[in-house]
Amino acid sequence: MKNKLNILLILLIPTFLIVSYFTVVRTATDMHPNYSSFSAQEQGTSLLFDTLRHMLYPVSVLYQPVHSNIDINAAILIIQPSNPRPNETELTEILNWVRLGGRLIFLESNRPNLIDEELQHLSHRLVSTMRWYNLGLGEIFTGEADFITNASLMDDSFYGEAIATILELWNPEQIYFAEYYHGYHGNESLFRQLPLWVRLATFQTIILAIVALLHLGKRFGNPIPMHELTDREENEQILVLARLYRRADKKSKH
């Protein structure tokens, strides 16, 4: 029995290590689109999102398209939406929201920028490499998305600081990173939002629990048969005593 247990452990330990390894690799390389605030890769923007959050800016993720019903006291960041770019209807909704008083930062790598194309008839001011438009009651900043990727901000934090300054001047009640335009049309699960080490520890705990159950569930020694008790009829004891008295009565007569 001990040898069997040793063999089981020898097989399970490598399995545990292999599963843990692939869990780390798979989790660490989760495929999120470039410029997404969910992506920790070089072309992701999670560094900007996390930095703003640690600076106590009210940042969160927007899983719906920008439309006129979204609170105009919020500010929205749309960073290099994945192809295809927002269609004409979506772009119209975005601009209508700004006209009502919304404030938008639209960063894109394509040149000319989608918003710049749409607003080329309007005058604008240059703030470093960003363009500043007044549209209706709202404001729009457009700029280069590649300047605020994780890799770029690690080398030069200037554009991250510029965005933080703009947001500080606006002082919005909420700051949304519009992940809808990267294909996220529903809330990310709580598990996916946990840090990598927490998710890895969860997987390892599950595997260890399975190993423990297999180990503790092993039977030691030969199986002991379980004998079922004989079912007794109702008033069986009285009937037996009656038979005994009857026999005793017959013997006394003889």
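Just so it is clear, the structure is predicted and the values come from calculations on it, not from any experiment. When reading the values below, keep in mind they use all heavy atoms of this one structure, side chains included, and skip hydrogens, waters and symmetry mates.
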Test side chain to side chain contact (heavy atoms under 4.5 Å, CB included) on T149 and Y35 and set out the steps.
-> CA-CA 7 Å; T149 62; Y35 306 101; 3.7 Å; yes
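- By the rule that hydrophobic residues join a cluster once side-chain heavy atoms approach within less than 4.5 Å of another member, V98 and L169 end up as members of separate clusters.
- Scanning both residues, M130 and G143, for their nearest heavy atoms gives CG-CA, 4.4 Å.
- Between L114 and P86, the shortest heavy-atom contact is CD2-CD, 3.8 Å.
- With sequence neighbours left out, F106 forms a ring pair (Phe, Tyr, Trp, His ring centres under 6.0 Å) with no residue at all.
- Within the 4.5 Å cutoff, no side-chain heavy atoms of I76 are placed close to those of R103.
- Under the 4.5 Å side-chain heavy-atom criterion for grouping Ile, Leu, Val, Met, Phe, Trp and Tyr, F147 is not connected to L126 through any hydrophobic cluster.
- With a 4.5 Å cut-off on side-chain heavy atoms, Y176 and V61 do not count as touching.
- In this structure, NE2 in H182 is found 9.0 Å from CD1 in I78, a value given to the nearest 0.5 Å.
- A heavy-atom distance below 4.5 Å is found between the side chains of S60 and Q174.
- With rounding to the nearest 0.5 Å, the separation of CG in L62 from OG in S37 is 10.5 Å.
- E179 and S36 are linked by a side-chain donor-acceptor pair at a separation below 3.5 angstrom, with hydrogens and angles left out of the test.
- Note: T142 OG1 to L104 CG = 9.5 Å, rounded to the nearest 0.5 Å.
- Atom NE2 of H67 and atom CD of E90 lie 11.5 Å apart (nearest 0.5 Å).
- L95 and L137 sit in two unconnected hydrophobic clusters of ILVMFWY residues. Membership requires side-chain heavy atoms under 4.5 Å apart, directly or through other members.
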CA sep, side-chain torsions, deciding dist, call: N69, W97, side chain to side chain contact (heavy atoms under 4.5 Å, CB included) = CA-CA 8 Å; N69 291 330; W97 175 77; over 6 Å; no
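- For H124, the ring pair (Phe, Tyr, Trp, His ring centres under 6.0 Å) partners two or more places apart in sequence, or in a different chain, are Y133.
- Residues I148 and L47 have side chains not in contact (no heavy-atom distance under 4.5 Å, counting atoms from C-beta outward).
- Partners of D146 by salt bridge (Lys or Arg N to Asp or Glu O under 4.0 Å), not counting sequence neighbours: none found.
- Side-chain contact between E93 and P65 is absent, with no heavy-atom pair separated by less than 4.5 Å.
- Using the six-membered ring where Trp is involved, F38 and Y63 have ring planes that are parallel, under 30° apart on the 30 and 60° scheme.
- N96 and S68 are not linked by any side-chain donor-acceptor pair at a separation below 3.5 angstrom, with hydrogens and angles left out of the test.
- The line from CD of E144 to OG of S152 is 9.0 Å long, rounded to the nearest 0.5 Å.
- Counting heavy atoms from C-beta outward, N110 and Q80 have side chains that approach closer than 4.5 Å.
- Residue E117 holds its CD atom at 8.0 Å from CG of N113, rounded to the nearest 0.5 Å.
- Across all non-hydrogen atoms, the minimal contact from P172 to P58 is O-CG, 3.9 Å.
- Listed by chain and number, the residues in a ring pair (Phe, Tyr, Trp, His ring centres under 6.0 Å) with F177 are F49 (sequence neighbours excluded).
- For E108, the salt bridge (Lys or Arg N to Asp or Glu O under 4.0 Å) partners two or more places apart in sequence, or in a different chain, are R85.
- A donor atom on one side chain and an acceptor atom on the other are found under 3.5 Å apart for R125 and N134.
- A donor-acceptor pair shorter than 3.5 Å cannot be found between the side chains of T92 and T89.
- The shortest distance between side-chain heavy atoms of I166 and I105 falls below 4.5 Å.
- Taking Y57 as the reference, L52, M55, V59, A164, L167, E168, I175 meet the side chain to side chain contact (heavy atoms under 4.5 Å, CB included) condition, with sequence neighbours excluded.
- Contact check for N150 versus S46: side-chain heavy atoms found under the 4.5 Å cut-off.
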Decide yes or no on side chain to side chain contact (heavy atoms under 4.5 Å, CB included) for F141 and R131, but give the supporting numbers first.
-> CA-CA 5 Å; F141 277 86; R131 295 187 178 193; over 6 Å; no
